[in-house]
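What follows is one structure encoded as structure tokens, with my remarks underneath.
Just so you know, ligand 1 is whichever comes first in the structure, and atom 1 is the first atom listed for that ligand. The first residue of the sequence shown is numbered 1, and numbering continues consecutively from there. Everything quoted here is computed from the prediction, not taken from an experiment.
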Amino acid sequence: MEIFLNNLIEKSKSAIESANKIVITAHLNPDGDALGSSLALYNTLKETKECKVLLPNNIPDTFKWMPGCNEILIWGEETTQILQDADLIFILDYNNASRVDKMQKLLEESKAKKIMIDHHPNPQTELCDVVFSNPEAAATCELMYFFLKKCGLKISEDAATCIYTGLVTDTGCFQFNCTGQQTFQVASELATYKFDRSEVIHHIYDSYSEGRMRLEGYVLSNKMVVFPEYQTAYISLTMAEAEKFDYKVGDTEGFVNLPLSIENVKFSAFFMERDGLIRCSFRSKGDFKVNTIAEKHFNGGGHDNAAGGKSYKPLDEVVKRFVNLLPKVTKKLQKK
Ligand code: 5GP
Ligand code: MN
């Protein structure tokens with residue numbers, strides 16, 4: 001599917017050219033793809049434009065090495081003006097204004113031109129002047145690569161590093177189903193750049209604290225519940241438990257994937273107390289869709305095989321609700 005139509009690229013180019021103040025935004029709890037796409041664009045535009053990356057909340061330590069990361073602004077009262085003054089806003093790696101949390105109202109009220117580049121289904125198109133949306137893309141970084149090229153912008157080593165980071169993290173090192181021909185095309189073109197690809201992997205996957213590593217051991221031994229009859233498993237975690245392991249934001253990244261390494265587990269969930277609510281993460285293998293479950297029962301959404309949501313109920317209630325749903329929602333996974 002060709003999403004980079006000439007007229008939309010021309011519109012984007014002239015929006016960039018005429019903009020005086022560009023603000024790049026990405027979703028709450030930014031991951032490698034949100035940061036990668038934001039910083040790839042930032043590193044490209046900052047040479048010629050007044051440009052800032054503004055995110056709703058903190059960056060996990062794992063990604064603090066990324067080029068340009070030190071210059072990222074985190075939302076607070078003092079950054080309100082920056083969003084209000086912007087005349088061009090990029091919406092990267094999210095499809096709906098609700099995904100930027102406290103920045104939502106300002107974003108919706110802003111008179112700035114808005115360009116969305118994203119790979120989540122059902123984009124909120126009415127929010128934006130230009131939408132580049134392709135749910136078949138493995139990562140927003142995949143789309144960012146084509147966007148920069150089509151706009152005739154030169155991709156620097158730094159920008160290439162950021163794009164590669166998003167590809168690696170959203171595809172689980174090119175292992176998930178979402179990894180497609182275009183993902184490998186971008187990766188292969190990035191291989192012509194001089195940045196150290198193994199260093200990127202090393203930064204992301206070999207940078208755990210001792211606490212994080214032990215927390216993983218704890219959740220696997222003590223907190224993982226498996227339902228072989230539903231080919232499902234879940235892990236739940238309270239903040240008090242996490243804090244025993246010197247918890248830092250980002251430490252539980254990837255925990256939701258762990259049960260999928262068990263043979264015959266096709267659906268996994270992770271529930272955690274965080275920021276005064278319960279964050280829910282869902283993953284699946286094959287054609288079992290988790291975004292519909294997230295949408296219908298957990299106030300969220302996402303991709304077919306990776307989705308999330310939230311609840312304001314206590315953790316044990318959320319877990320109970322999930323377990324009670326299993327006989328109904330896992331019909332496709334139940335062995336006859
Ligand atoms: P994660 O489990 O890594 O937090 O989220 C996985 C995917 O689920 C994200 O890439 C995003 O597409 C989606 N997602 C996570 N949380 C929410 C949410 O609260 N609302 C919606 N609509 N999607 C979410
Ligand atoms: Mn993404």
Side-chain angles (χ1 to χ4, degrees), residues 25-41 55-57 60 62-63 90-102 104 116-124 127 132-145 147 162-172 176 178-180 182-183 186 234-237 249-260 267-284 289-312 318 322:
T25 64
H27 61 77
L28 187 74
N29 302 324
D31 54 12
D33 191 32
L35 289 163
S37 52
S38 300
L39 288 172
L41 183 62
L55 300 178
N57 70 341
T62 322
F63 297 114
F90 278 91
I91 291 175
L92 302 183
D93 200 35
Y94 66 101
N95 57 353
N96 192 291
S98 64
R99 298 278 288 129
V100 285
D101 198 42
K102 297 197 174 79
Q104 175 173 2
M116 179 188 283
I117 307 175
D118 181 47
H119 67 137
H120 297 93
N122 310 318
Q124 189 185 0
L127 179 71
F132 298 105
S133 164
N134 183 359
E136 280 166 26
T140 298
C141 278
E142 182 179 314
L143 301 174
M144 181 56 72
Y145 180 80
F147 175 77
C162 296
I163 293 171
Y164 193 70
T165 303
L167 292 189
V168 163
T169 51
D170 261 26
T171 61
F176 302 145
C178 59
T179 316
Q182 295 211 327
T183 323
V186 175
Y234 78 86
I235 295 171
S236 68
L237 191 64
V249 175
D251 276 359
T252 55
E253 197 66 45
F255 278 14
V256 63
N257 292 306
L258 295 171
L260 292 179
F267 175 27
S268 92
F270 177 65
F271 303 97
M272 186 178 177
E273 284 177 2
R274 217 166 78 187
D275 309 324
L277 50 85
I278 307 301
R279 293 280 326 153
C280 313
S281 285
F282 305 100
R283 298 291 186 274
S284 65
K289 286 187 184 164
V290 289
N291 49 2
T292 43
I293 297 174
E295 214 175 294
K296 220 165 147 187
H297 303 287
F298 296 93
N299 196 18
H303 313 274
D304 289 356
N305 296 116
K310 55 186 171 298
S311 171
Y312 294 93
V318 180
F322 174 75

Write the atom name of the N, O or S atom in [X] that is nearest the Mn ion (ligand 2).
X: Asp170; result: OD2
X: Asp33; result: OD2
X: Asp93; result: OD1
X: His119; result: NE2

What part of Glu295 sits under 4.0 Å from ligand 1 if we count only heavy atoms: the side chain, the backbone, both or neither?
->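 No part of Glu295 comes within reach of ligand 1.
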Quick one: does ligand 1 sit under 4.0 Å from the side chain of Arg99, the backbone, both or neither, non-hydrogen atoms only?
->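 The part of Arg99 near ligand 1 is the side chain, not the backbone.
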Show which atoms of ligand 1 fall inside a sub-4.0 Å distance from at least one heavy-atom site of Gly300.
->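 Going through ligand 1 atom by atom, the ones under 4.0 Å from Gly300 are 18 (C), 20 (N), 21 (C), 22 (N).
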What atoms in ligand 1 come closer than 4.0 Å to a heavy atom of Ser281?
->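 This gives 1 (P), 2 (O), 4 (O) as the contact atoms.
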Do any of the N/O/S atoms of Cys141, backbone or side chain, fall under 2.8 Å from the Mn ion (ligand 2)?
->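 Under 2.8 Å: Cys141 has no N, O or S contact with the Mn ion (ligand 2).
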Positive for side-chain hydrogen bond (donor to acceptor under 3.5 Å, both in side chains) with Glu142, one of Thr171, Asn134, Thr183 |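 Testing Glu142 for a side-chain hydrogen bond (donor to acceptor under 3.5 Å, both in side chains) against Thr171, Asn134, Thr183 leaves exactly one candidate, Thr183.
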Check whether any side-chain N or O of [X] sits under 3.5 Å from a backbone N or O of [Y] as a donor-acceptor pair, and report yes or no.
X: His119; Y: Ala137; answer: yes
X: Asp118; Y: Tyr94; answer: yes
X: Ser268; Y: Val256; answer: yes
X: Asn291; Y: Gly302; answer: yes
X: Asp33; Y: Cys141; answer: yes
X: Ser38; Y: Leu35; answer: no

Who gets closest to atom 6 (C) of ligand 1 by heavy atom: Lys310, Arg283, Glu253?
->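 Looking at heavy atoms only, Arg283 sits closest to atom 6 (C) of ligand 1.
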Side-chain heavy-atom pair Pro60, Asn29 within 4.5 angstrom cut-off =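 Of all side-chain heavy-atom pairs linking Asn29 with Pro60, none is under 4.5 Å.
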Evaluate the side-chain proximity of Pro259 to Ile235: yes if any heavy-atom separation is below 4.5 Å, no if none is.
->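 The answer is yes, as the side chains (C-beta and beyond) meet within the 4.5 Å cut-off.
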Looking at ligand 1, does any of its N/O atoms fall within less than 3.5 Å of an N/O of [X]?
X: Asn299; result: no
X: Gly308; result: yes
X: Gly301; result: yes

Parallel under 30°, tilted from 30 to 60°, perpendicular over 60°: which one fits the rings of Phe298 and Phe282?
->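 If you compare the ring of Phe298 with that of Phe282, the planes turn out tilted.
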Give me the residue, atom name and distance of the protein heavy atom closest to [atom].
atom: atom 10 (O) of ligand 1; answer: His120 NE2, 3.3 Å
atom: atom 16 (N) of ligand 1; answer: Arg279 NH2, 3.0 Å
atom: atom 7 (C) of ligand 1; answer: Ala306 O, 3.6 Å

